[in-house]
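None of the values given here were measured: they were computed from a predicted structure.
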Amino acid sequence: VYDEIYRSNTLLADIVEEINFKSKGYDFEYTVRDSAAAREGTELQALGIRTIKADKHSRGLDGNDMSNRRAGIMKVNNLLYQRKIFVSSKCKNLISEFSNHFYKEG
C-alpha cells in the first residue's frame, strides 16, 4: 500500500484529481473503496477511476458473516508479519486503523 486518501465531505472530482496526481507514472488495476460507498464507486468509474469495494460482509468458510471479517483481519496480520505486504509510512490513517482495531468482549 503506497498511499491513501482519507477524506470526508469532499467532492469526487477533487478525489479523482488527487488519485490521478498520486498515481501519475503508475499503472493500477483498481482502487479499493469503502464498501458502503456504491454511488461514489459508480461516479468514480464514470470519471475514469476503476474501483472495487472492500469486502467486509461476504460469508467466511463456515458460512458465518463475521468469520470473513475476522479471517480477513488475521490474513492481513499474517501477511504483515511474514513481510509479504508492505504499508508506506505515508498511510497514517491505515496504520492507525491497524493499531486501533479490536473486537469488543464477547
Cluster link Leu44 to Ile52, ILVMFWY, side chain under 4.5 Å: no
ILVMFWY cluster, Phe98 and Leu79 together (side-chain gap under 4.5 Å):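 In one cluster with Phe98: Leu79, yes.
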Set of ring pair (Phe, Tyr, Trp, His ring centres under 6.0 Å) partners for Tyr6, sequence neighbours left out: none
Greater than 12 external heavy atoms within 6.0 Å of Lys75's NZ: no
Heavy-atom pair of closest approach, residues Thr51 and Gln45: N-OE1, 4.1 Å
Let me have the donor-acceptor pairs involving side chains of residues 8-19, under 3.5 Å, with sequence neighbours excluded, atom names and distances please.
unit_1: Thr10; atom_1: OG1; unit_2: Ser8; atom_2: O; d: 3.0
unit_1: Glu18; atom_1: OE1; unit_2: Arg7; atom_2: NH2; d: 3.1
unit_1: Glu18; atom_1: OE2; unit_2: Arg7; atom_2: NH2; d: 2.9

Sequence-distant partners of Glu43, side-chain hydrogen bond (donor to acceptor under 3.5 Å, both in side chains), two or more places apart: Arg39
Would you tabulate the side-chain donor-acceptor contacts of residues 81-96 under 3.5 Å, counting partners in other chains and residues two or more places apart, or write 'none'?
unit_1: Ser88; atom_1: OG; unit_2: Lys90; atom_2: N; d: 3.0
unit_1: Lys92; atom_1: NZ; unit_2: Ser89; atom_2: O; d: 3.2
unit_1: Asn93; atom_1: ND2; unit_2: Glu4; atom_2: OE2; d: 3.1
unit_1: Ser96; atom_1: OG; unit_2: Asn100; atom_2: ND2; d: 3.0

